[in-house]
Amino acid sequence: MPVAFWGAAASLIVALAAALGEGRRRRRRDLDRVGWVDWRTVQLAAIVLALLLISIGLNAR
């Protein structure tokens, strides 16, 4: 199994964590307490990286 698949799995875990972070940000009680991490951008970058690594892994076989 190519290393790219392990990287893709790690990237999907990061995307899942970013989705959880975005959900927590949306449900916050104090609207003035914004965070400094843009979770949507982190999630999108992780998903794009996972797709890229899966493509590399499939073409390397």
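Just so we're clear, the structure is a prediction, and the values are computed from it rather than from any experiment.
Residues A19 and Q43 share a closest heavy-atom pair of CB-NE2, 3.5 Å. Closest non-hydrogen pair, S11 versus A50, comes out as OG-N, 3.5 Å. Shown here for P2 and G57, the closest heavy-atom pair between the two residues is CG-O, 3.9 Å.
Of the inter-residue distances, the one linking L12 atom CG with I54 atom CD1 reads 6.0 Å to the nearest 0.5 angstrom. Here F5 contributes atom CZ and I56 contributes atom CD1; the two are 10.5 Å apart, rounded to the nearest 0.5 Å. Rounding to the nearest 0.5 Å gives a distance of 10.0 Å between CD of E22 and CZ of R27. Put simply, CG on L20 and CZ on R25 are 14.0 Å apart, with the number rounded to the nearest 0.5 Å.
Follow the hydrophobic side-chain contacts under 4.5 Å out from L53 and you never reach I47; the two are in separate clusters. In this structure, V37 is not a member of the same hydrophobic cluster as L31, with clusters built from ILVMFWY side-chain heavy atoms closer than 4.5 Å.
For R28, the CZ atom sits in a packed shell: over 12 heavy atoms of surrounding residues, nucleotides or ligands are nearer than 6.0 Å.
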